[in-house]
There are 2 protein chains.
Amino acid sequence: MKIQLALDRMSIAEALAMARRVEAYVDWIEIGTSLIKEFGMRSVAEFRATFPDKVLLADMKTMDNAAYETNLWINAGADIGTVMAVAPAVTVTTCLRVAQSHGKQLMMDLLDAPVDKLESCVAMTGALLCLHAGKDQQESVDDFSHLFSHLGESSSFQPAGKLRIALAGGITTEILASVVSHFHPEVLIVGEAITKSANPEQAARQFRTLVHHVTGSDLI
Amino acid sequence: MKIQLALDRMSIAEALAMARRVEAYVDWIEIGTSLIKEFGMRSVAEFRATFPDKVLLADMKTMDNAAYETNLWINAGADIGTVMAVAPAVTVTTCLRVAQSHGKQLMMDLLDAPVDKLESCVAMTGALLCLHAGKDQQESVDDFSHLFSHLGESSSFQPAGKLRIALAGGITTEILASVVSHFHPEVLIVGEAITKSANPEQAARQFRTLVHHVTGSDLI
């Protein structure tokens, strides 16, 4: 299982400094939507220059203009981009086609997606499906596990099967074991539980150790 | 009726030059999502500095992180921002609250929104509702008027009533009269029909003249 460090609501310099502190404990680095909208593709390019060997995800949250936006993050040096599952179907399929034609990966963000959008995403082979409790949702509900409960209505959604699942949204060390056993994610996306910690290195190491325990020693 | 010039898929310098050429014929200037994701808030700030008196719309397409993103475009100098109607309800309401608390406006982008999302947007007083045929959708269908036909299922949607409607998506001078009579928009969003024209000034003037004819002389 991979840990994706999500960097948001900070300057590029702060994001680079944070990534340097914890890079030993995380697999993928996410340049968050807030950095992209505040600083543009320069944020992705600076990460590529600083971390030539890390897998970088650009959280584009594409809703339209699929080919153009996909080429933006590919040209800036990211390995993975995101599209919203609630975008028009042609936008989602175009993002996937363009990304794969360049040997890149696509993550489909299921934020607030209804079951029919989930099912069309599940049918697209190869993409990562991100079960995502939004930041605004986390701040407005105490227990956000119900945000995914409607996905159980779909027989297409079998997280223990061949789907590639990513999980995002307020994941802490306290809930890690239960969400992992429930959703069998390939990628665990962690943001403020590391970046807002008084000791980010220690927090990141703790996540890494927990993932190690939960998944078995071969996957550290 | 207002004409909103949408600027996308170009550099900031090209966008500023295009806006200068046609500013006499348009009311609002939209800094498109592609400029925001490519160059960040600098794109909005440069437009503010160049056009101190124009109404500027930042096409943020916010999906999450509502307060932070809304403050980004407000601080960069825009007058109006956009949120996706398909975003979580709490995200849409937070964008509206933050924008209005700063005396700014919010446009809710109904791109691929189902009827229930439309109805919750209609219930939020004061926002502009943007009926939007996406660029990817325009390229994949011949006739995109059916993209809005499902909205007719909702009794809440009465464009000739008190709703503030914006229309976006491949609007040309040929279809202007029919979409105006059908949707009664307050804002007509025009992009490539002006910016990709061989003569953008002439194209923009033509839109202005048509709007004048369609709406009556008092509204030019």
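By convention in this document, chain letters (A, B, ...) are assigned in the order of the sequence lines, proteins followed by strands, and residues within each chain are numbered from 1.
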| Considering only heavy atoms, which portion of E69(B) lies under 4.5 Å from any heavy atom of chain A: side chain, backbone, both, or neither? | side chain

| L72(B) portion near chain A, given a 4.5 angstrom heavy-atom threshold | side chain

| So do the side chains of R9(A) and N65(B) get within less than 4.5 Å of each other, counting heavy atoms only? | yes

| request: Under 4.5 Å, counting heavy-atom pairs only, tell me which of K135(B), E38(B), K61(B), E139(B) racks up the most with chain A. | output: E38(B)

| Part of T94(B) within contact of chain A (heavy atom distance under 4.5 Å) | neither

| task | Give a yes or no on whether the backbone of M60(B) and the side-chain of K37(A) come within a donor-acceptor separation of less than 3.5 Å. | result | yes

| field | Check: Q137(B) and D64(A) side chains under 4.5 Å, non-hydrogen atoms | value | no

| message | Counting C-beta onward and ignoring hydrogens, is there a side-chain heavy-atom pair between P88(B) and D136(A) closer than 4.5 Å? | response | no

| query | Which answer fits A87(B), side chain, backbone, both or neither, if we ask what part of it has an atom under 4.5 Å from a heavy atom of chain A? | reply | backbone

| Criterion side chain to side chain contact (heavy atoms under 4.5 Å, CB included) against D112(B), the qualifying member of K117(A), M63(A), M84(A) | K117(A)

| task | Counting only heavy atoms closer than 4.5 Å, note whether F39(A) contacts chain B via side chain, backbone, both or neither. | result | backbone

